[in-house]
A.B. asks: 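I'd like to ask some things about the structure below.
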There are 2 protein chains.
Amino acid sequence: MKTSKLERLQAEGWSVGNAEDFLQLSDEEARLVALKLSLVSAVKKSRIKRKLSQIDLAQRMKSSQSRIAKIEAGDPSVSLDLIVRALIASGATTRDIQVAFTKE
Amino acid sequence: MKTSKLERLQAEGWSVGNAEDFLQLSDEEARLVALKLSLVSAVKKSRIKRKLSQIDLAQRMKSSQSRIAKIEAGDPSVSLDLIVRALIASGATTRDIQVAFTKE
DNA sequence: TGAGTGTATGTCGGAAATGACATATTCGCA
DNA sequence: TGCGAATATGTCATTTCCGACATACACTCA
């Protein structure tokens with residue numbers, strides 16, 4: 001499979017998948033989710049530490065209170081981008097972010 | 001402003017912005033961009049280290065070669081989510097990811 | 001009790017990101 | 001030189017994510 005031509009690979013599409021691929025993907029997806037959760041808890045911690053309400057934080061990053069609530073609730077509709085944005089906007093230091101990642 | 005009512009704040013919308021807010025936002029945006037760039041270079045490094053072509057990596061994460069190219073080129077259409085997915089799929093260890101973040 | 005403040009949840013139209021594809025460009029090597 | 005593999009660039013339809021809003025719930029005081 002490694003040496004297949006691009007055309008062939010593209011033509012195959014989903015048919016190239018197998019159980020192993022699926023499991024592997026699940027594992028990687030799990031790592032990403034774990035990472036997100038770690039950052040999410042860092043957001044809440046940082047926000048509380050600075051005594052900011054969800055509304056305050058939302059204003060800082062030009063977002064909305066409901067989005068912040070969803071971030072902190074680990075809602076699947078929230079991207080890693082938004083989580084990190086919130087982390088930065090909440091006043092988290094570079095070190096804080098590192099630590100959150102370290103917890104992965 | 002801190003004590004304004006939610007209704008009032010929501011009604012104000014963009015009008016609450018001022019130069020300071022803008023600069024602050026720019027700074028935070030800059031931090032995010034710097035972080036992305038750091039991770040992007042980690043993706044390429046990790047991929048090369050494992051001797052994977054962009055096509056290989058694309059298959060691993062069910063994406064496409066052109067997306068991988070855009071990730072590595074720092075294309076603005078690429079999300080942090082996708083960058084981290086690529087980093088994980090490329091076989092980067094937790095430590096590799098930490099290091100990339102440390103470079104922020 | 002009820003008013004005020006903060007957080008959670010569901011929905012929606014518009015905006016942004018995605019994979020796929022076509023095609024161009026670059027690069028290594030026979 | 002030329003051929004094939006790898007990478008880059010541009011476009012597009014579909015999917016995903018977003019802010020905004022409405023509203024429900026939780027908690028604290030007076």
Side-chain angles (χ1 to χ4, degrees), chain A residues 1-17 21 25 29 32-33 36 40-41 43-45 47-48 50-86 89-90, chain B residues 1-17 21 25 29 32-33 36 39-41 43-45 47-86 89-90:
Chain A
M1 181 158 69
K2 261 182 188 167
T3 58
S4 301
K5 289 181 182 175
L6 173 55
E7 290 168 359
R8 176 155 173 64
L9 292 173
Q10 288 177 338
E12 284 174 350
W14 270 93
S15 69
V16 298
D21 284 354
L25 198 61
E29 202 59 29
L32 185 61
V33 169
K36 282 190 180 185
V40 153
S41 94
V43 167
K44 186 157 191 173
K45 213 165 282 181
R47 178 177 69 78
I48 300 295
R50 273 90 180 175
K51 300 187 198 300
L52 298 172
S53 68
Q54 290 184 346
I55 293 177
D56 292 335
L57 180 54
Q59 282 186 272
R60 282 197 182 204
M61 54 187 287
K62 309 283 186 206
S63 181
S64 62
Q65 180 269 326
S66 60
R67 269 291 132 198
I68 306 297
K70 276 158 192 164
I71 290 172
E72 296 187 355
D75 189 293
S77 81
V78 174
S79 73
L80 186 53
D81 280 88
L82 198 66
I83 295 171
V84 173
R85 261 187 242 276
S90 74
Chain B
M1 180 157 72
K2 262 181 189 168
T3 57
S4 300
K5 289 181 183 176
L6 173 56
E7 289 169 0
R8 176 154 172 65
L9 293 173
Q10 287 178 340
E12 284 173 349
W14 269 93
S15 70
V16 298
D21 284 354
L25 198 62
E29 201 59 31
L32 185 61
V33 169
K36 281 190 181 184
L39 291 169
V40 153
S41 93
V43 167
K44 184 156 192 172
K45 213 165 282 181
R47 178 178 68 79
I48 300 295
K49 186 176 175 184
R50 273 90 179 176
K51 298 187 199 300
L52 298 171
S53 68
Q54 291 184 344
I55 293 176
D56 292 334
L57 180 54
Q59 283 186 273
R60 283 197 182 206
M61 54 187 288
K62 308 284 185 204
S63 181
S64 62
Q65 180 270 327
S66 61
R67 270 290 130 201
I68 307 296
K70 276 158 192 163
I71 290 172
E72 296 187 354
D75 190 293
S77 81
V78 175
S79 73
L80 186 53
D81 278 87
L82 197 66
I83 296 171
V84 173
R85 273 199 182 88
S90 74

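Throughout, a chain's letter reflects where its sequence line sits, starting with A, and its residues are numbered from 1.
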A.B. asks: How close or far is atom C1' of C:dA16 from atom CG of A:Leu80, stated in whole angstroms?
C.D. replies: 16 Å
A.B. asks: Would you check, one step at a time, whether the test side-chain contact (heavy atoms from CB on, under 4.5 Å) holds for B:Arg50 with B:Asp56?
C.D. replies: CA-CA 10 Å; B:Arg50 273 90 179 176; B:Asp56 292 334; over 6 Å; no
A.B. asks: Contact class for B:Ile68 (heavy atom, under 4.0 Å): base, sugar-phosphate, or nothing?
C.D. replies: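 It contacts nothing in the nucleic acid.
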A.B. asks: Going through the checks in order, is the salt bridge (charged side-chain N to carboxylate O under 4.0 Å, His left out) test met by A:Asp81 and B:Lys36?
C.D. replies: CA-CA 10 Å; A:Asp81 280 88; B:Lys36 281 190 181 184; 3.1 Å; yes
A.B. asks: From CG of B:Leu57 over to C1' of D:dT7, roughly how many Å is that when rounded to an integer?
C.D. replies: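 After rounding, the gap between these two atoms is 13 Å.
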A.B. asks: Between C1' on D:dA6 and CD on B:Gln59, what's the gap in Å once rounded to a whole number?
C.D. replies: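 Spelled out: CD on B:Gln59 to C1' on D:dA6 is 14 Å.
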A.B. asks: Using whole Å, report how far NZ of B:Lys36 lies from P of C:dA16.
C.D. replies: 13 Å
A.B. asks: With a 4.0 Å limit, can you tell me whether A:Ser66 has a side-chain N or O closer than that to the phosphate oxygens OP1/OP2 of D:dC21?
C.D. replies: no
A.B. asks: Rounded to the nearest angstrom, tell me the gap between atom CD in A:Gln54 and atom P in D:dA26.
C.D. replies: 15 Å
A.B. asks: Can you figure out which of C:dA8, D:dA8, C:dT9 approaches the side chain of A:Gln65 most closely?
C.D. replies: C:dA8
A.B. asks: Of the nucleotides C:dG6, C:dT9, D:dT7, which has the atom closest to the A:Ser53 side chain?
C.D. replies: C:dG6
A.B. asks: Does A:Leu52 offer a backbone N or O that forms a donor-acceptor pair with the side chain of A:Arg47 under 3.5 Å?
C.D. replies: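 Confirmed, A:Arg47 side chain pairs with A:Leu52 backbone.
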A.B. asks: Between atom CG in A:Asp81 and atom P in C:dA16, what is the gap in whole Å?
C.D. replies: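 Taking atom P of C:dA16 as the reference, CG of A:Asp81 is at 13 Å.
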A.B. asks: After noting the C-alpha distance and the side-chain angles of A:Val43 and A:Ile68, does the key distance pass the side-chain contact (heavy atoms from CB on, under 4.5 Å) rule?
C.D. replies: CA-CA 9 Å; A:Val43 167; A:Ile68 306 297; 5.6 Å; no
A.B. asks: Over how many whole Å does the gap from B:Asp75 atom CG to C:dA16 atom P extend?
C.D. replies: 14 Å
A.B. asks: For A:Arg47, answer base if it contacts any base atom (sugar-phosphate contacts may also be present), sugar-phosphate if it contacts only those atoms, and nothing otherwise; contact means non-hydrogen atoms under 4.0 Å.
C.D. replies: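 Contact class for A:Arg47: sugar-phosphate only.
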A.B. asks: I'd like to check A:Gln54 versus A:Arg67 (side-chain heavy atoms, cut-off strictly below 4.5 Å). Are they in contact?
C.D. replies: no
A.B. asks: Which of these nucleotides, D:dT7, D:dC18, C:dG6, is closest to any side-chain atom of A:Arg67?
C.D. replies: D:dC18
A.B. asks: Please report, rounded to the nearest Å, how far the P atom of D:dG19 is from the CZ atom of A:Arg60.
C.D. replies: 17 Å
A.B. asks: Compare side-chain N and O positions of A:Ser77 against OP1 and OP2 of D:dC17 and report whether any pair is under 4.0 Å apart.
C.D. replies: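 Checking A:Ser77 against D:dC17: no side-chain N or O falls below 4.0 Å of OP1 or OP2.
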A.B. asks: So what does B:Ser64 hit on the nucleic acid, given a heavy-atom distance under 4.0 Å: a base, only sugar-phosphate, or nothing?
C.D. replies: base
A.B. asks: Want to settle it: does B:Lys70 or B:Lys44 sit nearer the 5' end of DNA chain D, counting the closest nucleotide to each?
C.D. replies: B:Lys44
